[in-house]
Structures are given as structure tokens and as C-alpha cells.
S.K.: 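There's a structure below that I have some questions on.
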4 protein chains.
Amino acid sequence: MTRDADTRTLSFASDYLEGAHPAILDRLVQTNMEQTPGYGTDAHSEQARELIRAACGVPQAEVRFLVGGTQANACVIGCALRPWQGVVAASTGHVSAHEAGAIEFGGHKVMELPAVNGKIDAAQVEAYVNRWENDDNRDHMVMPGMVYVSQPTEYGTLYTRDELEGLSRVCHDHDMLLYVDGARLAYALAAPNNDVTLPDLARLCDAFYLGGTKCGCLFGEAVVVPDPTTIPHFFTQIKQRGALLAKGRIAGIQFEVLFEDGLYERIGAMAVQEAARIRKRLEACGLTQPIESPTNQVFVLAEDAWLARFGQHVEYSFWEKPDAGHTVIRLATSWATRGEDVDALLELIDA
Amino acid sequence: MTRDADTRTLSFASDYLEGAHPAILDRLVQTNMEQTPGYGTDAHSEQARELIRAACGVPQAEVRFLVGGTQANACVIGCALRPWQGVVAASTGHVSAHEAGAIEFGGHKVMELPAVNGKIDAAQVEAYVNRWENDDNRDHMVMPGMVYVSQPTEYGTLYTRDELEGLSRVCHDHDMLLYVDGARLAYALAAPNNDVTLPDLARLCDAFYLGGTKCGCLFGEAVVVPDPTTIPHFFTQIKQRGALLAKGRIAGIQFEVLFEDGLYERIGAMAVQEAARIRKRLEACGLTQPIESPTNQVFVLAEDAWLARFGQHVEYSFWEKPDAGHTVIRLATSWATRGEDVDALLELIDA
Amino acid sequence: MTRDADTRTLSFASDYLEGAHPAILDRLVQTNMEQTPGYGTDAHSEQARELIRAACGVPQAEVRFLVGGTQANACVIGCALRPWQGVVAASTGHVSAHEAGAIEFGGHKVMELPAVNGKIDAAQVEAYVNRWENDDNRDHMVMPGMVYVSQPTEYGTLYTRDELEGLSRVCHDHDMLLYVDGARLAYALAAPNNDVTLPDLARLCDAFYLGGTKCGCLFGEAVVVPDPTTIPHFFTQIKQRGALLAKGRIAGIQFEVLFEDGLYERIGAMAVQEAARIRKRLEACGLTQPIESPTNQVFVLAEDAWLARFGQHVEYSFWEKPDAGHTVIRLATSWATRGEDVDALLELIDA
Amino acid sequence: MTRDADTRTLSFASDYLEGAHPAILDRLVQTNMEQTPGYGTDAHSEQARELIRAACGVPQAEVRFLVGGTQANACVIGCALRPWQGVVAASTGHVSAHEAGAIEFGGHKVMELPAVNGKIDAAQVEAYVNRWENDDNRDHMVMPGMVYVSQPTEYGTLYTRDELEGLSRVCHDHDMLLYVDGARLAYALAAPNNDVTLPDLARLCDAFYLGGTKCGCLFGEAVVVPDPTTIPHFFTQIKQRGALLAKGRIAGIQFEVLFEDGLYERIGAMAVQEAARIRKRLEACGLTQPIESPTNQVFVLAEDAWLARFGQHVEYSFWEKPDAGHTVIRLATSWATRGEDVDALLELIDA
């Protein structure tokens, strides 16, 4: 469990570079030889479900552990929508752009709305659904049946509670479901200015997932459906989509560890603090941050010369190229980010 | 990493009751803080692929690590077939009966043939495809495009090399692919009378998978496609089906451990030996074994009185109820089966 | 509107050899320049729907005009089933064998039961659904959600009212829908021993269709859904499947003609009478009829020598080859069969 | 075959208000009692295919007759694309907006580009595909596999030959197919400034269809695939999608009539001339035509007062509401438009 001490390159390329939080791995080791039934019917999975229900304040919720984010999105969207419905999403949303057409593979249109910093708002959704409702040809068109947003967004930005209330109201006024992709939810929950709690999500959404893959797990996403009738026969539908884990407990145990004593929160808090240190230094050095992200992702508008030097020592993620001389890059922290690596990074920013 | 010593109940209910082989778990711990790129592009996954290619004697093969068996079947079959094709399988095959319609969800018909002890043969397949070829209405029918068999079968039985040669010949004579589901392949490879090697599979099949979930892994199946052109854009198709693991290395590392020094074989051998001990005792006690399985599954035709007593101490799997007074049960060994538990089981058989 | 008088070959190859019943074609001519809205919202389509609702005794039924039989089956089955459900059908049913996998293309398994002369019975269905209900692994299996039968069957045979009552009872006792494919329904309704009326179908089934293509129309099938909530948003789902006719009236007008003064019944009666004449002559000549079909299809077990001669003058449909010296052939009458052609056929049978 | 002489309302609401061109209906009557094999294997269908091949200058092309436009689009796009590919289209394209998600139902993403008067251009497509090709994450994204345009567009506008050459070049440079939806193609071919011929389409496109439903037929679209290997097993795929017409000749005969002596061209020419008369009068009266359509669709920016009066006598199609006091309406001519009705319309415009 070591990392090569004299690695020259620091990597802030993504938030899924390492394995699992040590506490999770320890528990997998401790429980390894227990004999349990499969498919999530074991006691660990049940305990994890209970912990998540309690954290969200929804004792009757259906909770299912899936393996990854695209799979969670495809399952929730595909299993909750009826054939004549589509899902409304930001054009920059993960389901719109980066899932290789998984939603369409399941038969549903992704109805893309233009986004600002990864976000769409209630007024946009209302205008869209109104246009559909008032179109005499609406029976020849896909019915908007769900709104998909991510918290935090793919740009690290957050919806406020007011904004989610607004989206929820529009959705439910127009018989649409609201679904929140929480691939990085731990980092949203820990952001200083965040005012959206898990019970808020459970109250406002029809489905959401607590991301594990990017928040401390080897893999795994916990889908929460506050009212289980929203997705009938979800177990069989998950199986049908090849998404049912035989040894379901491997996911269950990981979420048990995350939620039994606040680890999910601590993971979020630590990563967000490290990201804040990076942002502060960037600001101090006069580097532009084109997207104000309060979570674990940091965006830098970098001049090419600066980037050429910086890139010799740091792995980052390319975001976009706004003009010939500049590049927007992303730096991500995570549960695994070490303070000393951030110290080293800060010096490289300065340099 | 202990199991309660005075557990009263022995479980032989399935071969996925525990976590992972300790050597695998150890490696996950050792490598945990390494930073690697995602989606199976890391060095561990590449090394695992190389080891598997070498073990199968196909240096150019495409190897992809998926999470579970239904997912592997749905991906291989769905991605290799064209829309007008279906897959021929035993009516008892996993894809026919126990995948909640995953193949049909992907748009393809499972064309079921009657099976004997889980097996179908070349003559059956040839008769089936001949009937299709000679039917004037064949353009109104699903074209048989692939044959699916499992090795060992769902009944623990084995195809001989001759039988697989026959199936392979029929398939390739009629432009069909041959695909072998190896969910329990380690136990087939270790069976005393087995004559089908990994290079045989690679030579005779168009795709097959080396099962991990039931053979020592937390999860994971290694799909091998000897000629990568068989399944174009497999990576993107896997992503589209929600089956791409973000931290691909978690699967890669597990297969690296299985194949770097013969662990896969040792796991198979141990489980098969323990199963053989059980079979021998059943025979000695005059208990009927309705299916001759040489692998890790043991089937017993049990009288109800015997079963009532036996079931107080042993968890088994219900197989079928042939008549009022009898039940066929299945006992499964695995990499995790302990000799002392088998000793205890033998005494209970005797009693 | 003539046929070459000295055509040497009589064709009894199928029941869709000609265009449309002259009364239908006349009406298309008369109404041709009327201007109507599209997609079945015109007055002719509405009138046809009303006539069919009245004939079936279900004033509230949803009636939709589709183009062909495979399309009707794919739309009804695909739109009524939920993703986790499949359709139970005879292995000889049209959906099982002759629709190029249209049902599976829509994501659903066809669960085939062995048939006798094209029929399955309530006991078979009950045994099948009981097996599913009692299987501990049923959540890993496709749920039987519908039973498909055809009336008459692909073998020209009929379900009695008692048999349909039985199927209906089993279906509704087990939360399954009953769907009847009536591609040749006119010929069933007209059979002397038939006791199943349109109101019976409407009472016992959740959906059925009145075939037009094989019963007098250029094309067209009238799907009847007695309780419209059975298939929500059927219009949009039809559109989504490319099955919505722009000039819906072309189908509506045809059914208007069929049902305004009993033409559908007269078409059936005439074809069945001509088929009866053929059957009687076959019997008189000692030729075996391997399937007792009381409708418009006649099956003959023909010796090869007889067939070689017969085939010089008559086009028939190959059915199957039971042994080296014999062939089963099918002769079909229809609304378009002329008495003088049957006379000529009778002489050829004799010869 | 009369229309009520004193009908007060003129309808220019769409181009599919009536049945079929009388010449087509006559031929259906003449050929009605001919006996032919089904599924488009008859001599009329073959003759129609030959005529279309000749008109397009592609003697080897595959020609298939489908029933409607959405069906044709869903079949061509769904059958030609591979699962990992999507289709690029104008956001105003029929496949994007008005097919109830038929393309997504078949598993493919519609990748929408902003359109100007219904058109997209080669530069837009090139930029789009370049962005995909240069994205390091392209294997996680849908591959653009086809470009869809309509000729004329949904706005009645035309692509020039140069523009289509450009689109064709970009497509083929980047391994994409070019597909042209010709629902109203007759009206494009007849437009005075049109320079795109059928042989041009056959040379530049990988598939296109000659619309029948809106150009003189009861129903029917003739799909042309210049290189038949572009869509393998098209017949079976059509059947699988419920799109195969049993009495294929009914479509074949209609296209035989359209193409045996230039009827398709005459239909186009007549409708375009009548539309030109309307446009001229609108211009003379100072009414704004917001879209310059040279085909059979005429768009008017109408003040509400004018429209209130006009609408008492004329059925039109609502297009959009640009501001409180104005409405854009569409008037459509067709093969069935009578000169005297246009005369009456011109007076109403004046009034």
C-alpha cells in the first residue's frame, strides 16, 4: 500500500486514479470469507441500504447498488421512462455527451438544453415542456418524461436548494420525474456553500444516486428511489441490463463502510479542502479560473507557456481550447489526494 | 479473515458465497494507492491481457474485462450479432432461462434446442441450420448467427474436444460464430477427463470468457476474442451497454493474479478434488447422482427423509423435483471450500 | 379488372394473391378526391372504428388501423408488455417463427410452447406460469406477461369458445394479457363449427385484431383494445414504430366497407364454402388431410407422383415433408377465389 | 370521384389531403384480380424497381418500397448504422423532431445541428465530425455514422448540387453515409432553380427515398440504395421492423405508374407552378414570406387580423408564432391541387 516515493509526476488528472479508501479495503479483507447469498440479498447490503435510507430520511426507499455511473444512468432512465418518453438534460450532461449513446441504446431520446456552467434551470425546462404541451403535433413527438441533472455538475458547479426546488416543482407540475446523477455527490455535500442535503434530494427527486466510484469505492453507485413504485420490477430490469452483481455484497460492504460513521462526508470534506487550497493559490497567482467550481474540480485558463512547464510535472485533464494561446485544464482532488502532493502542486503553480 | 469456527451450518449452496481468493485481495491492497488511468488502459490490465493471450496462445486476441456473466453474454452476443441474427443455445442454457431476457432486450432471439445434461451437439445444430437454409421463407425468419454453449455447462458437464471441434466445424461451415460461456471455466480445465485446453478454445471459438466471479475473483469475467475484427468497436459498445468499469484495473489486477503463476488452475483443481471426494462418498452410500458432473457441481437425487435431515446441517441448492418423494439437489465447491468442511459434509452424507 | 381467361395455372398458393375486394376498391375511387386530415383522424376512419366497436359490442374500445400482421403483432405486444415481460406463444405461432424476430427486436422474449395443430391450451399455459411463479429464481427470469394465440391458427384450426374462456381465465388469474391474432379472422367467423363471435373476443381478450390483408383489403389490420388503458399512448407508440399511416383514411375506408353491411362475413363465408368443396373432394378421392382445418386453408398429404402431376396445373404452398415419398401441401381460398377455378381444381384432384 | 362543388372551405393545409393520383388508382383497379406472389417479389414491383433504377442511372441499386416516411427513415437509418453510430441531422429535421423518437427507439442518437431554413451545410458537419475525431474521449461518445438531410427540407428549401457535393465529400472523407429523405422529392425536382437530379442523388448519396405518399400515391416511399452492400439483409431487417408489405405489389404498381411515363415529374411541376402563383400574389399584396421556398410549400407571415379573415375560408397549417400580433402559416399545394381552388385562394389573399 505504498506509492513510489520519488515519483516525479503529480497526478490531478481525475478523481478515480486510485483503488478504494483504506477503510473500505480493510472491511473487504475482514469480511472476505463470510458466506452470504448473492445478488444483494445479504446482510451487509441490507445494512448499507438501511444506513442510506436513514441518511436520506426515507425509510421506505428502494436502494440498489450498481457498478458504475453510465450503468446507473442507463438503468434508472431506461427503467423509469415509458417508451414514448425522453429525458431532458443539459447538452453538457454526462448522458448527453459521454455515455456512448447508452440512453438511446435503451430506446430513449436525450432532449438537450443549452447549459451554463453545466446547469439548466427550471425556467428552461418549463419553456421546453410548455412548447411540447402546446404543440398540436405533440403526439408525434417524444414526451419529456424526466429531467436529468448532476450534482455537482460535470463542471463541478452546484445546484442550490432553491434551484432544485424549482426543477422539482416544474417536473411534478408536468408529470415528469426528476433524477439527480450524484457521481461526485460527496464533494457537493461537502462544499462550503452547499445547501442541498441528502434528505433534500430524497424529498425533491424521484431517483438519485450516491456515487461511490469517484468517492472512495473500488466501484459502485447507490441508486435511491424514494418511492419504489417509481421503477417497477427494478431488480429484474437490472438483471436484464446485465447490471446485477452476483456478489452483491462487495458493493454493499463498501457503502456500509461509507455510511456507518460519516466516512462519505469526511471524504468529501477533505477533497474539497484540498481543492480550495489550489483555487486560492491560483487566485493569488492571478490565474483565471473560468468556471467557479466549489467542489473537487478546479479549472484553470492556462497560457500555453505556463502549461508547457506545468505539464512537465503535473498530470491534468484537458478541458477545452478557447483560443490559440490558451487551454482550459481541469485539476481534480479526491479522497486519495495527499496534502504533500497538493503542497508540491502549489509550488508548481507559483513557479 | 476468519469464519466463525462453530458455525453449525455448512454451505455448499453455490460457488460465489465468499469474497475473493486471498492472493487477489492481497494484491488489491498492495496496489491500492497506485495512480492509473481508467477504463482498462492501465498497466495491470494490459499485463493481465498479455497473460491471458499467452495462456490461450493467441497473441493478437482482444481481451476485455467485464463485471459479470450475464453482462458478458449480453455484450458478446449483442455486439457480435447483426440485427437479423439470433443465437442458438440449449434450452437449459444460462442465456435461455436465467438472464431475465437480456439477449432479447438487446434485440436478438435465443433459438432454443433441447439439451441433454445441459449439452447440445453438432448434429442438432446442423439440422437446425439446415432447416433454416432450406426454408423458402428463411428471409422472413431469424438467421442463426451464433451458437452459445457453456463449458462446463449449467449441469456441470463438459464438452469434449471432439464435440467442440464438431460444433466449431458446423458453425464455420454455416457462417455462424461459436461462443463459449466459461463462467466456471477453471473447474472445467481442472476436471480429470477434460481434454479441452485454453488454446483449444481460442482455436475453435470466435469468443469465450474466462469466468472470474465463480473462480476466485470479487467479480470479473475476461472475454477473449481471438480475432478482434469479430466484434468491431467493442470498447464503445461495452460503454454503451453500461458495462465499462471506470477503475478497470480492479478487474485487471484480479486476472493478473489469477494468470501470473497458475492460480486459476490451482483454484480449479482444488475445488474439483473436493467435489470428487463428495461424489465418491455419495456413491459409496448408494445415493444416486442423476447427472454425471466431473466438475465442481455435484447433483444428488435425495429421498425426502434423507434430505430433511441433511438440510438441517447443510445449505444446498434446489435443482428440481422429479417426483413426490424425491428432490434433486446441487452441492457446489469452489476455491473457498475448506477441506474440514468437506470432511464434515461426508459424515453428514453417511449419517 | 380481368384475369387472363386461358391461364393454365390455377393458384391456390395463398390468400393474398389479388388486390382488394371490388367493393373496397370502388369506395377508394369514389372517395379519392375528398380532403381529409391525416393519421386516422378523418371521418371515414372514425366511422370504421364505430362500426367495429358496434360489431364487437365494446363502445369504448380503442381501434387502430395498422398496415400488416407482423406490424400489428409487434405493436400490440411491444406496446402492451413492460420490459421485464415476455409473450407466451405456440412454437408454430407467427410471432415465434415467421416474423424475423420482430418481437425480440422490440426487446421481448417469445416463450414457446409446443403446439398441436397450431394450438396451445389453458393447461399448458397454467403449467408454464405456475413453474415461473414457483421458481425461487423467477426475478432472474422473464415474466410471462401475455399469451398470444391466432384465430384461426396458422394451421387453419380454431379455438372453441370454451378453450378461449379457459385461456382467458388462466391469463387473468395470473395477471397476463390475452391477445388474439386475427389475420384470417373472417374465415374463422364463417366456419360452420365456430362458436367464437366478435363480442366473445372482445370480452375474453385484452387485444385482438381483425385481419384485412388476407380478408379483402389491399392492406390493413384493425387492432381492437377493449379497455384502452391496456396500451397507454398507443398512437405515439405506433408512430415511434414507423407504423402510423399518413393517409390513415385509406385503411379506414377499407374497414368501413367491410363492416357497414356485413361484407367481412360474406367474404369469410364464401371462402370457407369453397374450401369445404375442396375438402369434400379430397375425402371422396381418399386423399389424407393431415390437419383438420375448418377454415379457408386445406392441407393434403400428397404422394409424390400425385403431386408431380397436380403441380403442373396448380400453384400450392409447400407445408412440410413428413417422409421421402410424401409432401404436405396447403391450398388456400380467399375472398377472391372463383367458383370456376375451384371446379377446375376438383377435376384435377380427381384425375 | 367528385368533390362537393360548393364547399366553402379551401384546404391548403397539407400535401396529403386526398387519395391517389387518378392514374394510379386506375391501374390498381385494372390489375386488381391479377394473382401475384407477395412481399414485393411480383412483376409490377420488379418493373417499378427497374424504372427507378433507370431514372436514377444506377442499374445495380437495391430499391425497396416502404409505406411511409417515418418508417423509411427508421429503416434506412437503423439498418445502415452500426450500434455505436448516430445520425447527424438538422435540429428541425423530421427525424429530430417529428418521429416520436423512432430513431432512438431503434437505438441510435440523433445528433442535432442548428439549421438555417431547414438546411445544414458541409462546414457544420465537418466541424462536428472533426470535434469528435479530435476528442480523446471519442470512444466514450457516439460516432457520427451518417448525415441525414431532406430534399426539399421541412421548410420547402432546396440543397443545391454544390451543397450536396460538399456534404457528400465530407461524409465520405470521414466514413459517414449520406442519406436524403425525399418525402416531397417530386416537388424539389420540379422547382425552377433546382439543379439536383435523380442521378445526382444516386451518385452523391448512400441512400435516399423517392416519396410517394405526398407525391401522388395512396401511400409508399421508394428507398434507393445505390450500392446494395450498404444495408445488408435489408429485406429481413424490413420484415423485422414490421415494415414489409404482404401485397408488395400495391406499392410497386403505384411507383410503376409514377415512373413509366414521367408522371412523377408532371405531378411535381404542376404543384410547384400552383405554389408559384400563390407566392406571386402574396408578393404583389405585400405579404411577407419569411422562408423562401421554391417548392410546393408557401410560408406567410400573417397579421392576426388578416389571418382571422383568411382563416374563415382557407384551411392552412400553423407554423409558428414569432410575436404577439403575427403568425407564420404554411400553405401547401400538391398533385391534387385544382387550378380553380388556387384562383379562389388568390382572391382571398387579395381581399
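Here is how names work: the chains are called A, B, and so on, in the same order as the sequence lines, proteins then strands, and each is numbered from 1. Because only heavy atoms are used, hydrogens play no part in the values below, and waters and symmetry mates are left out as well, while side chains stay in.
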S.K.: Is it the case that over 12 heavy atoms from other parts of the model lie below 6.0 angstrom from the CD atom of Glu133(D)?
M.R.: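 Yes, enclosed.
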S.K.: Output all residues satisfying ring-ring contact (aromatic ring centres under 6.0 Å, His included) with Phe208(A), sequence neighbours left out; order by chain, then residue number.
M.R.: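 ring-ring contact (aromatic ring centres under 6.0 Å, His included) list for Phe208(A), sorted by chain: empty.
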S.K.: With sequence neighbours left out, what residues match Tyr155(A) under ring-ring contact (aromatic ring centres under 6.0 Å, His included)?
M.R.: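 Scan of Tyr155(A) (ring-ring contact (aromatic ring centres under 6.0 Å, His included), adjacent residues dropped) gives Trp319(A).
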S.K.: Compare all side-chain heavy atoms of Glu104(D) with those of Glu104(A) and state whether any distance is below 4.5 angstrom.
M.R.: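 Yes. Closest side-chain heavy atoms under 4.5 Å.
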S.K.: For Gln85(A), which atoms come within 4.5 Å of any heavy atom of chain D: side chain, backbone, both, or neither?
M.R.: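 Neither part.
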S.K.: How would you list, by chain and number, every residue that makes a side chain to side chain donor-acceptor pair (under 3.5 Å) with Ser14(A), sequence neighbours excluded?
M.R.: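 None.
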S.K.: Are there more than 12 heavy atoms of other residues, nucleotides or ligands under 6.0 Å from atom CD of Glu303(D)?
M.R.: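 Not buried by this count: 12 neighbours or fewer within 6.0 Å.
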S.K.: CG of Asn137(D) to OG of Ser317(A): how many Å apart, nearest 0.5 Å?
M.R.: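 Reported value, rounded in 0.5 Å steps: 7.5 Å.
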S.K.: I'd like to know if Glu112(D) pairs up with Lys109(A) as an ion pair, taking the criterion as any Lys NZ or Arg NE/NH1/NH2 lying under 4.0 Å from an Asp or Glu carboxylate oxygen.
M.R.: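 Counted as a salt bridge, because a side-chain N and a carboxylate O are separated by less than 4.0 Å.
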S.K.: Heavy atom to heavy atom, less than 4.5 Å: which residues from residues 95-103 of chain D reach chain A?
M.R.: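 Residues Ser96(D), Ala97(D), His98(D), Glu99(D), Ala100(D), Gly101(D) are the ones that qualify, each having a heavy atom under 4.5 Å from chain A.
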S.K.: So which of His108(A), Met111(A), Arg138(A), Met143(A) has the biggest tally of heavy-atom pairs under 4.5 Å with chain D?
M.R.: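 Looking at each of His108(A), Met111(A), Arg138(A), Met143(A) in turn, His108(A) comes out on top.
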